Amino acid sequence: MKRLQDVEHHETEDLYYPTMCKVIGAKQITEMEKWYELEMPEGQSLGHGPGQFVEVSAFGIGEAPISISSSPSKNGKFELCIRQVGTLTNVLKNYETGDSMGIRGPFGKGFPMEKLFGKDILVVAGGIGLVPLRSLINYVLDNRKDFGRLIILYGAKTPSELLFTDELKMWKDRDDVELHVTVDQPDETWKGNTGVITTLIPSLDLKLNTTIAAITGPPVMYKFVVMSLKSKQLPDDQIYLSLERRMKCGVGKCGHCQINGVYCCQDGPVFNYVDIKPLEEAL
Amino acid sequence: MSRDLDIKVHHLTRVEGHGNIVVNMKDGVLEKAHLSIVEPPRFFEAMMKGRSFHEAAIITSRICGICSLGHQLTSLVATEDALGLEISEQTVLLRKLLIHGATLQSNILHAYFLAAPDFLNVGSVFPLIATHKDVVLRALRMKRLANDIGDIVSGRAVHPITPVPGGFSRIPEKAELLEIKRRLLEEALPDGLETIETMKALAGAIPQFERETEYISLKHPDEYALYEGDIFSSDTGALSVHNYLDVTNEFIVNHSTSKHAKYNRSSYFVGALARWNNNHAQLGEEAHAAAEAMGLKPNCFNPYMNTIAQVVEAVHCILDSVRIIDRLMEMGLKNEKPNQTPTRYGRGIGSNEVPRGILFHDYTYDNKGNIIKANCIIPTGQNLANIDDDMMKLVPEIINKTKEEITLNLEMLVRAYDPCISCSVHMLEVDFIE
Amino acid sequence: MECFSLLRSDVPALIDHLGDFGEVIAPHGKGDVSYSFEAVQDSCDVVLDYNRTLLPLKKMFLPPVEKLMGFSLKNESYEQVDVAITSRVFFGVHSYEMQSILRLDHSMLTGSAESNYFKRRQSSRFVGISFEPDEFHFSESVGIVIEEMEGFDLFLNEVDGDFQLYVLTENGQEMLNGFDKINITEPEIVEGRHFKKKIRYHYNRLPRVFQYAYHSEVWADVASRCVGCGACTLTCPTCFCFDVQDEVEVTAEDGIRQRSWDSCMLSTFAEVAGGENFREKTINRTRHRLYRKFKYITDEEGLPWCVGCGRCTAFCPAGISMPDIVNELIQEDEKAQYHRTVRV
Amino acid sequence: MKPQVAFFDFTSCEGCQLNKLNFENDLLDILKHVDIVEFREAMDDKADHYDIAFIEGSITSPSCVERIHDIRRRSDVLVALGSCAVNGGVNAMKNLHPIDEVRETVYGEDKYLFATLPAMAVSSVVKVDYEVRGCPMTQQDFLKLLIALVLGKQPPKYGSPVCVECKLKENECLYNRGMVCLGPITRGGCDAVCPSFGQFCTGCRGILDNPNIDGMLEVMTSHGISLDEAKKRMLLYNSNEVQL
Ligand SMILES: Cc1cc2nc3c(=O)[nH]c(=O)nc-3n(C[C@H](O)[C@H](O)[C@H](O)COP(=O)(O)OP(=O)(O)OC[C@H]3O[C@@H](n4cnc5c(N)ncnc54)[C@H](O)[C@@H]3O)c2cc1C
Ligand code: SF4
Ligand code: SF4
Ligand code: SF4
């Protein structure tokens, strides 16, 4: 048990003060999602790893956890992509280049990159789940020779909800990326796959001993993706999932994000499947 | 001059609730002049059926937000009468303090925000913020203090919390009351004197109109009656509140969702002017000086002067509140629990003077303490017949004025009564046909 | 460990004396039948015999509502809040309460150590007092006896109406300097102070019970009675969940960000935008509450995270009892074990 | 341009309107953000279009229905103020009795003189965008909504019971004093004002989503009131919301 006398004053932190970061780029990329590029003040670096998140705030409105969408390779600058679903996110919709956002973080455990080096990476992203996984994808692409195959499965409800379409095209065109996109409800223009994301899994040809899966998506998605991967005999400890919970502090204090005994914000949001398999509240 | 006149003021503004003024004159003969109450009926008496004595005052205070305290206290008095609940002197004093606060706030609101715009020829108090900022700020300050009395003693000024059957659910702190006293003396009193000056200046605009009528209010042996007493009629004298039905004689007219009342004549007057006429002798020097300054004399028959009587009462409330607080301090505040153990079950009647006049609540309880029968008679209802009678006399007297002036005079007349018609709606439509 | 005798009638003098070491905070009567920790105005108002305060002492370190920063909307800037370090002496604290503060230390200082909490905590001293357990206390069952003195600087043990004053730390020693109404004495053991409420197992065995209790029938029964008011968690000394809100002034120019205690028993606690609720049913929430007390942290730290103060039980309008739930789980576990053995 | 706001009252005590007139300290600040274009209780003016229409009171007659439709057509945002407007409030108690009996109690044989409908929430007639609960609504709550609308954010929703605020204020729970209180299932946001002043919560802010009604009745009856009494208490403000 941690005791008062074990702690020195300088080890304590003002945990709740944000750093004001300038928006240096902003673009509404779908009807519901807006992309932002931000810059840390005075050339500081955010120093994040793929899969980590920040707490974004606007004074008078509130704070919300948002994944860092860019690869750590970009120094001093980072990107977010925010879906407009509630109080804060709807106000952030109006933020443009030149405005400032309050940023705390980075928080949480991202993908354990040391375990991913040299492996085949299977990214499974549902909807907005592509946002945190994009930091991983771009990191892999920036350090392409350190990894094996990069397989990206991406599903959205409709073609108009697909995020980062420019990048999707780029990935599609690269021969070192295997991209499979599907939509639940196609429109007239849609020529690709149709159906939920799990329909993409059975035909995959995976090298079981070297493949690491990284999954993010809406709550309902995880169970089915994990089931499909398991039916392909992918070992449990090679599956990573990034989970979403309500969060207020990001630093393991407010209690909202608990999944049974673990804190999504500190022990996650990226979890190894083995660690959360026994947790009834996880999936 | 024989003239056709058809006035319809649809949803009179700056009154509490919804009423229309309807005047109809054909060939110089006045056929109709009345205030028609169009507020949807709320059926309070019916809602009260079967409710426990703990809830009666909570429900009845919702009859009217502006007189919620009056309803609440009157309801409590009726309940206590019905159930034989004795209350302490401290409870009575705190209740009187509350009535003063409520009367002060209501009278000030009416004088400054609802009546004054008429005298200054503007549609509302909002333009006055630009032209008479100090006056508006003074009014807000007085209202704030009056409301703070309510907030501190009763939990909140609108729909009070602490007054419960048998006493108070929370007794205010000594320091809170002393702070109120300080503000009464240091803020409210000077503001009250300024108010007299302001009203004196406006009093010139008060129409000269008189109609002698019957004035009914409470009368108390020891003080200017606001909390309890006997019913007093300027025509026939005193009688017990238990005989209130002999006075009110409610009847239904088809132009009003609110019932009308009459006693010795076709109508009677309740409210500040009736209290002034019946009880002015019990007011202190300062109040009399205020009355004199504003031209209010005893036995005043000009209904427009009701607003002035309200300002006189405001002065009384400020000073009497100080006396009450002194008395409470002298006695020492006790953390009393409300007495809620009934000693009998049956019928009880409560009556208090609320800002707009005498109010009656009448409950009958079964032996579980649930209401079998309830009756509430509100001041505005009692005044309606009197307003109609005033209009019938007023319209012929001012028939040579322009249509706008007549309408304004009628609206001002109705507003002078400070009517509180529980109802709803918005627009002002004046149809004039000559 | 030194021990002094102190007359009950001299306790106010001691409280006055302690005022030299900071603001003294002690139990006072509140309402009809309740108590609360308040700053002492008159040492004679301090209550020495009380069952429990409405809110735990936690409120002094992690305030129910706390300003985190002030901000200006116009300038997109904020102002830090200075948590002034004022020395405080907490007087008349029960052993379970002290233990709850030690647990709270762990919660607020592990991982990221929170500076506000640390500052308030560092500048405080504690004077304990013994108590007569009522029908709700069960701290003995979670390993905390009445005379547990860990964490205190001084401890008052009632003996025949008067007190024995134990000096436990250097700070405690210092606090008695110049106070002459005490006499050195031999410590005595007080007999006959018993806990009326007990958990049937030693707390060491509880994590095992909870290991198998996840799908117990007990939860549904409790959930059917629970009205979801949150009283249990809001009054619990070891709960620390909070919510954060921004409040803006009428001018719409300035405002504050503040946090306030929250409760995992509230239906909205784990709800997110879009309507997903990760603990939607009362049964999920009740279970989570008890697992927080007896399993999750306990597995890591080896101690129950409930200190047996009985608040959650005494203040639950539905009369839901923490030790009763645990005892029911134990009983169920025993039955299950019996069936397992019989079958073999 | 500042938003044009208007206030309308339907069947109610007008206590909520009065509470607005009681903003002595904040009135001038409020007027910096909005233009009040219609407010029958305080002014003569009227307008054709409103950015925000605030509605007080229940819908209780055919003419109310007509009028609220008219207001809705002319308003961008419509806010229900106070429990009468939000869920029918005390007015809805009359819905518990047969309507003819209700009319007869008040008007005797003239009972058919005035049209009446069951007391309805505004939202059961037209779309309501936001609500400010309470009887009366509190000034603070109203200001929060107004500021939120000015800042373009969602007004607070209040998903926690009154007990939360009551506990944060360290009130002695009325149940511990032998009284019965509706705080556990009543939507908070009032700062637990009634219990703080020693009086039981009457449920004026409405019942929380997914309440445990049976549990609550059990709590109330186990604290000394009859089931019948407990039900009546629960329905005081919530006759339209709770089916017993
Ligand atoms: C680790 C993590 C990463 C995330 N990354 C992204 C991202 O990259 N892009 C994106 O658009 N969204 C992301 N979200 C979801 C995002 O946090 C919510 O959509 C957001 O909090 C909604 O806030 P709001 O104020 O607009 O909504 P409201 O519904 O008004 O939320 C009120 C409060 O509830 C909490 N809350 C509500 N929904 C959520 C939620 N889903 N998760 C956590 N707290 C919530 C927040 O504390 C918020 O302040 C992420 C969530 C988590 C936990
Ligand atoms: S769980 Fe209950 S008994 Fe245990 S510490 Fe919390 S409030 Fe006290
Ligand atoms: S105090 Fe009781 S009723 Fe309230 S949430 Fe806790 S267990 Fe449920
Ligand atoms: S008094 Fe009422 S609102 Fe307060 S805690 Fe008790 S039950 Fe809840």
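So you know, we letter chains A, B, ... as the sequences are listed, proteins then strands, and number each from 1. The structure presented is a predicted model; accordingly, all values stated were derived computationally and were not measured.
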Where does [X] contact chain D at under 4.5 Å (heavy atoms): side chain, backbone, both or neither?
{"X": "C:Ser224", "value": "backbone"}
{"X": "C:Phe269", "value": "neither"}
{"X": "C:Leu266", "value": "side chain"}
{"X": "C:Val33", "value": "both"}
{"X": "C:Gln245", "value": "neither"}

[Y] backbone acceptor or donor facing [X] side chain under 3.5 Å:
{"X": "D:Arg177", "Y": "D:Cys173", "answer": "no"}
{"X": "C:Arg257", "Y": "C:Met69", "answer": "no"}
{"X": "D:Asn212", "Y": "C:Cys226", "answer": "yes"}
{"X": "C:Lys59", "Y": "C:Phe37", "answer": "yes"}
{"X": "C:Asn75", "Y": "C:Ser77", "answer": "no"}
{"X": "D:Arg74", "Y": "D:Tyr50", "answer": "no"}

- [ ] Could you tell me which of C:Pro317, C:Gly319, C:Gly230 has the largest number of non-hydrogen atom pairs under 4.5 Å with chain D?
- [x] C:Pro317
Open item on the list: Quick check on the interface: out of C:Ala252, C:Ser260, C:Ala318, who has the most heavy-atom pairs with chain D under 4.5 Å?
Closed with: C:Ala252
Task: Aromatic plane relationship, C:His137 with C:Tyr96 - under 30° parallel, 30 to 60° tilted, over 60° perpendicular - done: tilted
TODO: May I ask you to decide if the ring planes of C:Phe61 and C:Phe90 are parallel, tilted or perpendicular, using 30° and 60° as cut-offs?
DONE: tilted
Open item on the list: Would you say the rings of C:Phe136 and C:Phe315 are close, in the sense that their centroids are separated by under 6.0 Å?
Closed with: no
Task: Distance flag, aromatic centroids of C:Phe195 and C:Phe138, threshold under 6.0 Å - done: no
Sort [X] into side chain, backbone, both or neither according to what part of it lies under 4.5 angstrom from a heavy atom of chain C.
{"X": "D:Asn176", "result": "both"}
{"X": "D:Glu218", "result": "neither"}
{"X": "D:Lys169", "result": "backbone"}

TODO: Can you see which heavy atom on C:Pro64 is nearest to which on C:Leu55, and at what distance?
DONE: CG-CD1, 4.2 Å
- [ ] To the nearest 0.5 angstrom, please state how far the CD1 atom of D:Ile147 sits from the CD atom of C:Glu247.
- [x] 11.0 Å
Open item on the list: Just verifying a value: how many Å separate C:Cys264 SG and C:Arg289 CZ, rounded to the nearest 0.5 Å?
Closed with: 8.0 Å
Task: chain C contact residues among residues 228-244 of chain D, heavy-atom distance under 4.5 Å - done: none
Open item on the list: Please output the residues of residues 178-185 of chain D in contact with chain C, using a heavy-atom cutoff of under 4.5 Å, in numerical order.
Closed with: D:Pro184, D:Ile185
Open item on the list: Only pairs of heavy atoms separated by less than 4.5 Å count here; which of D:Leu168, D:Asn171, D:Asn210 has the most with chain C?
Closed with: D:Leu168
Open item on the list: Is it the case that atom CD in C:Glu76 sees more than 12 heavy atoms from other parts of the structure closer than 6.0 Å?
Closed with: yes
